[in-house]
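Note sheet for the following structure.
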Amino acid sequence: MKHINNIRIWVGVLLLIAVLAAPFITPIKDYLAIPNQVVTFDNQSSSINVPVLGSNVDIGSSGNSNHTIDSSEFYAKEPGNSQLIYEVAGLPIKKVDVSVLDDIRVTPGGQSIGVQLHTLGVLVVGHHQIKGEKGMLSPGEDANIQVGDVILEINGNQIKKMKDVKPYVEKAGKENKKLELTIKRGKETIETTLDPVKDSKEKEYRIGLYIRDSAAGIGTMTFYDPKSKKYGALGHVISDMDTQKPIEIHNGTIVQSNVTSIEKGNNGTPGEKQAKFSVKDNKIGSITKNSPYGIFGELNSPIKNGKYDKPMPIALSHQVKEGPAKILTVVEGEEVEEFEVEIVSSVPQNFPATKGMIIQITDPELLKKTGGIVQGMSGSPIIQDEKIIGAVTHVFVNDPTSGYGVHIEWMLQEAGIEIYDEKDKAS
């Protein structure tokens with residue numbers, strides 16, 4: 001009995017060793033490297049490479065959407081779904097699903113833009129106390145209104161701007177009535193009441209809240225779709241500087257901006273573009289969405305960067321390679337310039353996610369002018385192999401030469417530009 005148990009143990013050990021060693025045996029490594037699915041675009045000139053298993057293994061294709069060049073390469077012929085089939089002596093040993101999508105081309109940006117967002121309702125950014133007849137009071141805190149809340153309605157009436165609030169406060173104070181507030185907190189809608197207090201010094205009724213109805217800043221245009229007039233910019237969400245929470249917008253505007261100077265970044269301190277713009281002048285488009293992938297809307301007319309003014313193909317996340325790339329951005333005035341960067345790493349993403357790439361600035365001229373990635377550079381399009389692959393998003397505070405990028409496919413999706421049809425999504 002003991003002898004049988006020893007045999008079982010040794011067999012188990014040998015099987016475990018075989019399982020652990022299998023991935024390191026070259027033929028098995030090559031087999032495991034074969035993807036289950038390949039997604040590419042129609043009309044892209046570059047071929048698609050797949051792993052080779054040996055001279056005895058043939059690769060054929062089914063359907064008309066791709067054409068095999070040899071045992072390791074094929075290219076897309078037309079949109080549709082098909083398969084690559086690895087065969088040995090006519091017997092299939094591996095099938096790869098191939099989806100060829102309709103060609104998507106957008107115009108890269110790089111222009112410096114001024115951004116103004118108008119909030120949905122008015123945003124609470126702080127509390128303050130009021131000296132009234134009964135001493136120091138904070139009506140907003142007493143009403144359990146928190147920083148980051150959005151006041152949507154007062155007494156059943158919609159609030160859109162800061163100036164909408166004061167008449168209700170004055171009337172309620174004079175009539176000695178409470179205000180009935182509808183506020184949004186995250187995904188919740190909450191009802192509360194607030195009792196205005198008369199400021200003994202100013203002789204006006206106050207609610208003890210600091211509020212804001214707009215936010216402004218600068219960033220960089222990422223892409224523009226001439227067919228739909230849709231655009232994407234920034235590559236990340238705009239958050240309120242006081243609450244650090246994403247701004248829920250009612251509407252917004254983008255305008256041309258002029259970069260006047262650069263504050264260089266150093267380790268521990270991110271740099272910043274200084275720019276000037278006028279919201280009243282040079283309006284070039286609207287903002288309809290503020291999401292983790294940037295701001296989106298429509299442009300009034302096509303824009304040009306002077307470098308790449310024609311629509312370019314895009315690359316999906318799995319097509320991005322580690323190695324050299326370029327970014328388009330403005331460091332002086334309104335001139336879009338091209339600078340060298342390195343894709344340090346890129347994560348093939350099957351589902352939308354931010355921070356899909358790590359990039360490093362390698363261009364000596366850009367490093368001299370900015371020290372690396374600076375605030376205001378967010379949204380600068382990244383180009384590799386004549387394809388738009390994504391946008392610059394965040395700088396590493398401890399290393400301003402490096403930062404994150406977002407893949408272009410997720411920005412296009414947020415803009416409402418469909419890459420995948422319903423059949424592709426279902427699969």
Side-chain angles (χ1 to χ4, degrees), residues 106-116 215-224 231-236 238 253-285 287 294-295 299-310 312 324-342 359-384 388-397 399-406:
V106 293
T107 305
Q111 301 87 349
S112 181
I113 57 172
V115 177
Q116 184 171 49
I218 66 166
T220 304
M221 178 69 65
T222 304
F223 70 85
Y224 167 68
Y231 76 87
L234 268 65
H236 63 75
I238 298 179
T253 299
I254 59 171
V255 299
Q256 294 176 336
S257 75
N258 188 299
V259 177
T260 55
S261 63
I262 300 284
E263 184 179 327
K264 291 182 67 172
N266 297 297
N267 288 350
T269 306
E272 185 178 5
K273 287 184 183 182
Q274 304 291 337
K276 60 181 181 180
F277 63 90
S278 170
V279 176
K280 295 180 181 179
D281 303 321
N282 302 321
K283 178 180 176 181
I284 59 175
I287 303 172
I295 57 170
L299 294 187
N300 299 333
S301 59
I303 57 173
K304 294 184 178 181
N305 57 38
K307 297 289 182 183
Y308 298 87
D309 288 331
K310 293 184 178 180
M312 297 177 65
K326 300 174 182 179
I327 64 169
L328 301 177
T329 199
V330 176
V331 293
E332 185 176 357
E334 296 182 12
E335 182 187 1
V336 177
E337 298 182 70
E338 185 178 76
F339 299 101
E340 301 291 333
V341 301
E342 184 87 4
I359 65 171
Q360 183 175 39
I361 306 297
T362 56
D363 196 292
E365 184 182 353
L366 187 58
L367 289 171
K368 182 180 178 181
K369 291 181 177 179
T370 67
I373 299 171
V374 296
Q375 294 177 20
M377 197 179 285
S378 298
S380 299
I382 308 170
I383 296 172
Q384 185 181 66
I388 305 173
I389 65 172
V392 177
T393 59
H394 296 81
V395 62
F396 294 162
V397 176
D399 178 13
T401 67
S402 302
Y404 286 114
V406 61

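Please read these numbers as outputs of a predicted model, since none were measured by experiment.
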Using ring pair (Phe, Tyr, Trp, His ring centres under 6.0 Å) as the criterion, list what pairs up with Tyr308, not counting sequence neighbours.
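Tyr308 satisfies ring pair (Phe, Tyr, Trp, His ring centres under 6.0 Å) with no residue once adjacent residues are dropped.
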Got a sec, which residues hit ring pair (Phe, Tyr, Trp, His ring centres under 6.0 Å) with Tyr404, two or more places apart in sequence or on another chain?
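Checked Tyr404 against ring pair (Phe, Tyr, Trp, His ring centres under 6.0 Å); matches are Phe396.
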Please check: side-chain N/O of Lys264 versus main-chain N/O of Lys368, any donor-acceptor pairing under 3.5 Å?
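Yes, the answer is positive, given that a donor and an acceptor are paired below the 3.5 Å cut-off.
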Under 3.5 Å donor-acceptor, Gln384 side chain and Pro324 backbone
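Yes; judged by distance alone, with no hydrogens or angles, the pair exists.
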From Leu234, Asn305, Val336, Leu299, residue fulfilling side chain to side chain contact (heavy atoms under 4.5 Å, CB included) relative to Met221:
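Checked Leu234, Asn305, Val336, Leu299 against Met221; only one passes side chain to side chain contact (heavy atoms under 4.5 Å, CB included): Leu299.
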Could you report the tightest heavy-atom contact between [X] and [Y], atom names first, then the distance?
X	Y	answer
Ala275	Ile218	CB-CD1, 3.8 Å
Phe277	Ala216	CZ-CB, 4.4 Å
Pro108	Leu328	CB-CD1, 4.1 Å
Met377	Leu366	CE-CD1, 4.3 Å
Thr253	Ile287	O-CD1, 3.5 Å
Ile113	Ala233	CD1-CB, 3.8 Å

Determine whether [X] and [Y] make a side-chain contact, defined as any pair of heavy atoms from C-beta on separated by less than 4.5 Å.
X	Y	answer
Val392	Ile382	yes
Ile284	Gln111	no
Glu340	Lys326	yes
Tyr224	Pro302	yes

Distance check, rounded to the nearest 0.5 Å: [X] atom [atom1] versus [Y] atom [atom2]?
X	Y	atom1	atom2	answer
His394	Gln375	NE2	CD	10.0 Å
Thr222	Ile295	OG1	CD1	8.5 Å
Tyr231	Ile303	OH	CD1	10.0 Å
Ser261	Lys369	OG	NZ	13.0 Å
Asn258	Glu332	CG	CD	9.0 Å
Ser380	Glu337	OG	CD	11.5 Å

From CA spacing to verdict: side-chain contact (heavy atoms from CB on, under 4.5 Å), Ile361, Phe339
CA-CA 8 Å; Ile361 306 297; Phe339 299 101; 5.9 Å; no
Within 6.0 angstrom of Gln274 CD, more than 12 heavy atoms from elsewhere:
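Check passes, neighbour count above 12.
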Show the numbers, then the answer: is there a side-chain contact (heavy atoms from CB on, under 4.5 Å) between Thr370 and Thr329?
CA-CA 12 Å; Thr370 67; Thr329 199; over 6 Å; no
Please lay out, stage by stage, how Val259 and Val331 fare under the test side-chain contact (heavy atoms from CB on, under 4.5 Å).
CA-CA 6 Å; Val259 177; Val331 293; 5.8 Å; no
Using the rule given for side-chain contact (heavy atoms from CB on, under 4.5 Å), can you reason through Ile383 versus Glu338, listing the C-alpha separation, both sets of side-chain angles and the distance that settles it, and then say yes or no?
CA-CA 10 Å; Ile383 296 172; Glu338 185 178 76; 5.6 Å; no
Run the side chain to side chain donor-acceptor pair (under 3.5 Å) test on Ser257 and Lys273 for me, step by step, so that the C-alpha distance in whole Å, both residues' side-chain angles and the decisive distance to 0.1 Å come before the verdict.
CA-CA 11 Å; Ser257 75; Lys273 287 184 183 182; over 6 Å; no
